[in-house]
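So you know, we letter chains A, B, ... as the sequences are listed, proteins then strands, and number each from 1.
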There are 2 protein chains.
Amino acid sequence: MLSALALVLNYSEPSRHQARWESGTFFSQDSQNEIKSTRRSIVNSDIKVPIAINRYKIPYELIMTRTNQTHQPQFALTVDLAIFTVNYGKLCVLLICRGEDPFSNYWALPGGFVLPEEDVEDAARRELTEETGLDASEMHLEQLGTYGNPKRDPRMRVVSVAHVALVANLDRPVAGGDVSQAKFWPVDSLALGRGDKAERIPLAFDHDTIVTDAIERVRSKLEYTTLATAFVNEPFSLADIRGVYEAVWGKAPDVANFRRKVLSTKGFVLPAGKAGVPGNRGGRPAALYLRGSATHLHPPILRSEINT
Amino acid sequence: MLSALALVLNYSEPSRHQARWESGTFFSQDSQNEIKSTRRSIVNSDIKVPIAINRYKIPYELIMTRTNQTHQPQFALTVDLAIFTVNYGKLCVLLICRGEDPFSNYWALPGGFVLPEEDVEDAARRELTEETGLDASEMHLEQLGTYGNPKRDPRMRVVSVAHVALVANLDRPVAGGDVSQAKFWPVDSLALGRGDKAERIPLAFDHDTIVTDAIERVRSKLEYTTLATAFVNEPFSLADIRGVYEAVWGKAPDVANFRRKVLSTKGFVLPAGKAGVPGNRGGRPAALYLRGSATHLHPPILRSEINT
DNA sequence: AAAATAGTGTCTGTCAGACATTATTTC
DNA sequence: GAAATAATGTCTGACAGACACTATTTT
């Protein structure tokens, strides 16, 4: 049923939503009198499908004819970012401590509003630049999904397009400072899912769901893409990116097999010589590599079924 | 940088967006004077990150304090559906012929508005029921992604959450009728991508992009899930679901290997006896199966690299 | 019997899993 | 030399690709 028709039906029958409709949102009573909706049976090959036609027509026209009148915003559109990095062998996500209600003092994903003339992806990249202070044009950023439950924000209807970003370990250590506002939290210290609330950090809104989905996205991405290299600074050793797999999957691939796979995949990594590393505490120095141009792995590196 | 801050900065510097800001959307000049924004340096372990704090605070408060005043709708939020089926060995997607501008007489994906109190997924499932006339609660429906380019609809800002649905061949053939309004189009007859516009059907808005993404989603889903069974009615033969792979991938998996894979995956299909089929035109009758409870394939059935 | 479709057997090459062994460095 | 880390060698089993062959039905 198309939305305009649904609206009429809702309006003509008593329901818990009626008060909300009457209190004035998109369509006034007058507008609804203008609504005409028809259903047609359509046929494709041998198949009959009842459809609602002109689904775009009525809402759009009403919007366009009423732009000079009073309307409340229907939705707020935001982007939320799950910015991942690997720190000290752990997969971490950047969280911000909220300073006000709701969820005051809860940790939340960074995010912000999509500007009226801004593409959603541009908004996400803008936020990424703001949160990391780095040039986000080179970073991996992808859309995760849209979270639009009407109750996800108690104040108003907020629909959020969640994104996943991967950043290499930031390389400018600075001693001291205020740690309370934002932090890369290891994901295993967060209260995600059902039974593990004890001792773990709860998140604001539905951000536990988003983070859970984002982690699974990252885990599966490592299977069939070369994105592990996005977590490390260049140049890197094979042990570095194997460490990424260990941090993200919780289990490291076999050393020899991993090396075989990475080096036999054209364009996964580019040799960059060998060099003594300052912090070497003993051990043969590793060969170093740069990121290659390949993006996908054929066939993938699969997590073992047991671990899944 | 948080959106509110960006808004202030945009406002204070001459830019091509300035006129638009001034013409009044969410935040009036007065509102902007209320905006206070600070930047802090935060430290995580050894890592210093400049961040913008209180990103939610200002926009939300302004919205909440101004709900009695005049605002224009910022965004329209819709769902679009790419409803796929397999007809006569071809992957098809349901399209609606538009009756009005813009894109009058162009074919477009079915879709509609998300209602003010409705979850995005509920909206998609509602549309799916409307478009197919079937009980959508059993069908496979998943979110594809959100398309929010400001120019995707020439009339106003419309952000659309695209979904992918898979339906079995509808089983009530009806002769004759009006074919002009909606139709399952074979995807190879649509103008998708760059150079193949000639002789193919162009789509409205950015629906060519959405359909392209949706097709790729379906193709990859067949690799690692049991969703091929969602395209066929029960009971089905192994040849039936192999035909789905052929239609979606353009190339059929080897018969013997495919059988081996499907039958060795617990819960992919459930034996349902063997029966003579009415339309049998010669040939040994196939064993029949029902959908199993498994959803994922470990390891996946990979498309050959060449075909990718 | 011929045609058509369903289903089986089996060989081979590739590759992941596993793990033992060698190489090169710091202390 | 001991410890630590990097890198290599190699055996094995699982399985995908390929394709020849058998089985059961309609006409």
Need two values: the first and the last nucleotide of DNA chain C, 5' to 3', having an atom under 4.0 Å from any heavy-atom of chain B. C:dA4 to C:dT10
My understanding is that only residues two or more places apart in sequence, or in another chain, count here; which of them pass salt bridge (Lys or Arg N to Asp or Glu O under 4.0 Å) with A:Arg291? A:Glu234
Round to the nearest Å and state the distance from A:Arg242 atom CZ to D:dA7 atom P. 12 Å
Short heteroatom pairs, N/O only, protein and nucleotides 15-19 of chain D, under 3.5 Å:
unit_1 : atom_1 : unit_2   : atom_2 : d
D:dA16 : N7     : B:Arg260 : NH2    : 3.2
D:dG17 : N7     : B:Asn257 : OD1    : 3.0
D:dG17 : N7     : B:Asn257 : ND2    : 3.2
D:dG17 : N7     : B:Arg260 : NH2    : 3.4
D:dA18 : N7     : B:Asn257 : ND2    : 3.4
D:dA18 : N6     : B:Asn257 : OD1    : 3.2

Salt bridge (Lys or Arg N to Asp or Glu O under 4.0 Å) pairs touching residues 253-269 of chain B, sequence neighbours excluded, are none
Test of understanding: with side chain to side chain contact (heavy atoms under 4.5 Å, CB included), list the residues that count as partners of B:Ala230, not counting sequence neighbours. B:Leu166, B:Leu227
Tell me every residue that passes side chain to side chain contact (heavy atoms under 4.5 Å, CB included) with B:Thr209, counting only those two or more places apart in sequence or in another chain. B:Tyr147, B:Asp206, B:Asp213
With sequence neighbours excluded, what pairs up with A:Arg217 under the salt bridge (Lys or Arg N to Asp or Glu O under 4.0 Å) test? A:Glu142
Side chain to side chain contact (heavy atoms under 4.5 Å, CB included) with B:Pro235: which residues, sequence neighbours excluded? B:Leu288, B:Leu290
Geometric cation-pi criterion, B:Lys183 with B:Trp185: 6.0 Å, 45°: yes
Go through the structure and list residues passing side chain to side chain contact (heavy atoms under 4.5 Å, CB included) with B:Ala165, not counting sequence neighbours. B:Ile83, B:Leu128, B:Leu141
Send over the distance from A:Leu238 CG to D:dA6 P, rounded to a whole Å. 9 Å
